[in-house]
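First up is the structure itself, then whatever we jot down about it.
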Amino acid sequence: MLVAITREVSLAIGRCELTHLRRETIDVERVRAEQRAYEAALAVAGCRVERLEAGPDMPDSVFVEDTAIVFDELAILARPGAESRRTETPAVATALRRYRPLCTIEAPGTVDGGDVLVVGRRVFVGRSRRTNEAGIDQMQCALEPHGYQVEPVDVSHCLHLKSAVTAVGDGLLLTNPAWVPPGPFRSFDRIEVHPDEPWAANALWVGDGVIYPAAWPRTGERLETRGVKVCTVEASELAKAEGAVTCCSLILETKTD
Ligand code: GLY
């Protein structure tokens, strides 16, 4: 059984963190409609969706991926690099404790879940504005006893590692080669984003395909040509808050219903 944890869109989303984008007016009702369609796609992919409530002052609450990283053996509660986001973690900890033993990134470490790409036993962690060396060291200590290999990757042109590279199948990655160095990913099959769609590398692989923004048809076509089943969703209002499809859920497998 797959569980997808999502989180309510805050009325304060207009005050979200922005790093690479100019602030635009965000229509909360449109974001909520996009979230409902995304949750419906998760259900079609086989997930039971658990939506957590947002607290009163959590502009980025919908981007729940940044608050934790879930493995089969444990979950790591992140310490988001943006201070405004640290109030998001306690409720996520409560939700995850039902499914996994939890370990926590402690100060001075910072890790955003969006910087963590897990491919089998290899865990690529973006060294970014949000994720620091101390956080990466703590990831290493937590994961190496379970047989995972943590590999830091420099991220400079985008917010998170997963803005530039995501998994779209078994050993198959979708990348924007202009935003991440090729070296760490050389041993995998790769699909590159269409050059006109630099923001298109974020896809959510779940069930037997990917949930993918409708905004990137040329890259979507490349995915389909390589045999990836693509379920498109409208995510353009969410994108104004500098979030994409992986950001909006935490997916985990569980034996309990
Ligand atoms: N607005 C997404 C983030 O910056 O964390």
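Just so you know, these numbers use all the heavy atoms, side chains as well, and skip hydrogens, waters and symmetry mates. Just so we're clear, the structure is a prediction, and the values are computed from it rather than from any experiment. Note that ligands are numbered from 1 as they come in the structure, with each ligand's atoms numbered from 1 the same way.
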request  = Under 4.0 Å from a heavy atom of Ala241: give me the atoms of ligand 1 that qualify, with their elements.
outcome  = 1 (N), 2 (C)

request  = Heavy atoms only: give me the nearest Gly243-Phe63 pair and the separation to one decimal.
outcome  = CA-CE2, 3.4 Å

query = Looking at side-chain heavy atoms only, is the closest gap between Glu88 and Arg7 below 4.5 Å?
reply = yes

inquiry  = In this structure, would Leu172 and Trp205 fall into the same cluster of hydrophobic residues linked by side-chain contacts under 4.5 Å?
reply    = yes

message = Less than 3.5 Å apart, any donor N or O on the side chain of Thr219 or Glu221 sitting next to an acceptor on the other?
response = no

message = Under a 4.0 angstrom heavy-atom cut-off, which atoms of ligand 1 come close to Glu17?
response = 1 (N), 2 (C), 3 (C), 4 (O)

request  = Mark up the atoms of ligand 1 that fall under 4.0 Å of a heavy atom belonging to Glu242, in ascending order.
outcome  = 2 (C)

ask   = So which bit of Thr19 gets within less than 4.0 Å of ligand 1, heavy atoms only: side chain, backbone, both or neither?
value = neither

inquiry  = Can you report which non-hydrogen protein atom sits closest to atom 5 (O) of ligand 1, along with the distance?
reply    = Arg85 NH1, 2.7 Å

task = State which residues pass salt bridge (charged side-chain N to carboxylate O under 4.0 Å, His left out) with Arg130; sequence neighbours excluded, sorted by chain then number.
result = Asp112

request  = Tell me which protein heavy atom sits closest to atom 2 (C) of ligand 1, plus the residue, atom name and distance to 0.1 Å.
outcome  = Asp60 OD1, 3.2 Å

message = Quick one, Glu39 with Arg36, criterion salt bridge (Lys or Arg N to Asp or Glu O under 4.0 Å). Give me CA distance, side-chain angles, the key distance, then yes/no.
response = CA-CA 5 Å; Glu39 289 172 340; Arg36 284 193 295 276; over 6 Å; no

ask   = Are any of the N/O atoms in Arg130 less than 3.5 Å from those in ligand 1?
value = yes

